[in-house]
There are 2 protein chains.
Amino acid sequence: MSAPALTKNQALVFDVLEKADGPLSAYTILDKLRDHGFRAPLQVYRALEKLLEYGVVHRLESINSFVACAHPGENCHSHGIVAFAICESCSQVMEFHDHEVDHRLMDWTRSKKFKAEKTTIEIRGLCEACAA
Amino acid sequence: MSAPALTKNQALVFDVLEKADGPLSAYTILDKLRDHGFRAPLQVYRALEKLLEYGVVHRLESINSFVACAHPGENCHSHGIVAFAICESCSQVMEFHDHEVDHRLMDWTRSKKFKAEKTTIEIRGLCEACAA
DNA sequence: ATCAATTGCGTTATGCTATAACGTGTGCGA
DNA sequence: TCGCACACGTTATAGCATAACGCAATTGAT
């Protein structure tokens, strides 16, 4: 599951996300890559699908956007559940991990015999700078 | 913030959600209410907006769907963060609350001076019956 | 009582998000 | 060299959500 060499499209999409200072929607990525020959949403979605699989990109469910993983070079899948704080004003995203939260949620799923596949934790609000 | 009497449309939408055995998309709700005169998505979305505000309905961000709160009569907003386990096979949803998780996330946001407005916790996977 | 503000409602139109279905080319192992 | 897996390109379509307009009913202050 670690990331193999990226294909051309995957590299382009990843590059856009890494250089962005916040999450981007698939269509925003598409627009940024039109100069590189991108024409259709599927080109973006297919690349994103792989990047998500490799753990180098995260999807923010609550805002339908994508962001590069904050741990360049590492496989984020090994960090346990990833949590995000998303500023609704400046759209900056902070990524963090909390093992105690992981344990509590795992305890719950175990007690219910629920087989968790993918867990989303997203906190929306205002970052320190924007809340001032 | 507690729920005032519902308007006709709000009551219709809430009723559909309460009788459903799982989360419904806005457009599914719309289809179920065509016989009651609903014609446009906005009629559903506007009702949902209020029901969410009143805390009697939850939005599941990861599947773009809505579900009636599992605590009929109570205002769910007072229970702290709401977490959901969503079965990807039978689409059954379990709603739960974990104060320890709340505390850990609040500790994090406090330490970052992040002003949380709305927190999403959604676990997707397979329920006990479907995992068998 | 009346006017203004608020709220809910209906409609049309539009925009944003995501995937289905088809076909092409390339590389690689049986 | 055949078959398979995979990335890619294109067109079309499905699914989710809101903008903008106008109207009606309610409320509440003057």
Side-chain angles (χ1 to χ4, degrees), chain A residues 1-17 20 22-54 56-67 86 88 91 118 120 122 124, chain B residues 1-17 20 22-54 56-67 86 88 91 118 120 122 124:
Chain A
M1 190 64 81
S2 86
L6 301 182
T7 67
K8 182 159 175 291
N9 283 4
Q10 288 161 18
L12 285 168
V13 168
F14 182 65
D15 206 50
V16 165
L17 280 175
L24 300 177
S25 75
Y27 278 72
T28 302
I29 296 170
L30 174 58
D31 286 338
K32 288 180 181 292
L33 288 176
R34 291 204 187 273
D35 294 343
H36 291 80
F38 274 47
R39 312 292 310 278
L42 260 194
Q43 294 174 280
V44 176
Y45 281 109
R46 288 206 272 233
L48 285 172
E49 184 179 19
K50 288 300 179 181
L51 295 170
L52 290 168
E53 185 181 320
Y54 302 154
V56 297
V57 162
H58 300 292
R59 177 193 176 88
L60 300 176
E61 308 279 0
S62 64
I63 57 173
N64 296 317
S65 294
F66 303 85
V67 69
I86 305 165
E88 294 182 308
S91 86
K118 175 83 174 70
T120 296
E122 295 176 18
R124 292 181 306 299
Chain B
M1 189 62 84
S2 87
L6 300 183
T7 66
K8 182 158 176 290
N9 284 4
Q10 289 160 18
L12 286 168
V13 169
F14 182 65
D15 206 50
V16 166
L17 281 175
L24 300 178
S25 76
Y27 277 70
T28 302
I29 295 170
L30 173 58
D31 286 339
K32 287 180 182 291
L33 288 176
R34 291 203 187 275
D35 293 345
H36 291 79
F38 275 48
R39 314 291 310 277
L42 261 193
Q43 295 174 279
V44 176
Y45 281 109
R46 288 205 272 232
L48 285 172
E49 185 180 17
K50 289 299 180 184
L51 295 172
L52 290 169
E53 186 182 319
Y54 302 153
V56 298
V57 161
H58 301 292
R59 177 195 176 89
L60 301 176
E61 308 278 0
S62 63
I63 57 173
N64 296 316
S65 293
F66 304 84
V67 70
I86 306 164
E88 294 183 307
S91 85
K118 175 84 174 71
T120 296
E122 295 176 18
R124 292 182 306 296

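Just so we're on the same page: letters track the sequence lines, and every chain starts at 1.
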| request: Check whether any side-chain N or O of A:Q43 sits under 4.0 Å from OP1 or OP2 of D:dC8, and answer yes or no. | output: no
| request: Find out whether B:L33 and B:Q43 are in side-chain contact, i.e. whether some heavy atom of one side chain is under 4.5 Å from a heavy atom of the other. | output: no
| Going from CG on A:L12 to CG on A:L6, what distance comes out if it is rounded to the nearest 0.5 angstrom? | 10.0 Å
| said: Looking at A:E61 and A:K118, is there a salt bridge between them, counting it only when a charged N and a carboxylate O are closer than 4.0 Å? | reply: no
| query | Roughly how many Å is it from CZ in B:F66 to P in D:dG15, rounded to a whole number? | reply | 16 Å
| task | Round to the nearest Å and state the distance from B:E49 atom CD to D:dA19 atom C1'. | result | 13 Å
| said: What is the first contacted nucleotide of DNA chain C and what is the last, in 5' to 3' order, if contact means an atom lying under 4.0 angstrom from a heavy atom of chain A? | reply: C:dT17 to C:dA21
| Taking for each residue the nucleotide of DNA chain D bearing the nearest heavy atom, is the 5' side occupied by B:S65 or by B:L42? | B:S65
| note | The correct set of residues in residues 25-35 of chain A placing a heavy atom under 4.0 Å from DNA chain C is A:S25, A:Y27
| message | Looking at A:K50 and A:E53, is there a salt bridge between them, counting it only when a charged N and a carboxylate O are closer than 4.0 Å? | response | yes
| Checking side chain to side chain contact (heavy atoms under 4.5 Å, CB included) for the pair A:F38/A:I29: CA distance, chi angles, key distance, verdict? | CA-CA 10 Å; A:F38 274 47; A:I29 296 170; 5.9 Å; no
| message | What contact category does B:R39 fall into here, base, sugar-phosphate, or nothing, at under 4.0 angstrom with non-hydrogen atoms? | response | sugar-phosphate
| said: Could you tell me how far apart A:L48 (CG) and D:dA7 (P) are, to the nearest whole angstrom? | reply: 14 Å
| query | If you measure from CD on B:E122 to OG on A:S62, what distance do you get to the nearest 0.5 Å? | reply | 9.0 Å
| With side chains defined as the heavy atoms from C-beta onward, is the minimum distance between A:N64 and A:S25 less than 4.5 Å? | no
| task | Choose from D:dC8, D:dA20, D:dC16 the nucleotide whose nearest atom is closest to any side-chain atom of B:N64. | result | D:dC16
| task | Identify the heavy atoms of A:V44 and A:V13 that sit nearest to each other, and give their distance. | result | CA-CG2, 4.5 Å
| note | A:F38 atom CZ is separated from D:dG9 atom C1', nearest whole Å, by 11 Å
| Could you state the CD1-C1' distance from A:I63 to D:dA17, rounded to the nearest angstrom? | 16 Å
| task | Rounded to the nearest angstrom, tell me the gap between atom CZ in A:R46 and atom C1' in D:dA5. | result | 14 Å
| Nearest-nucleotide pick for A:K50, side chain only, options being D:dC8, D:dA17, D:dA7 | D:dA7
| Contact check, side chains of B:L48 and B:Q10, non-hydrogen atoms, under 4.5 Å | no
| query | Nearest nucleotide by nearest heavy atom, which residue falls closer to the 5' end of DNA chain C, B:N9 or B:P41? | reply | B:N9
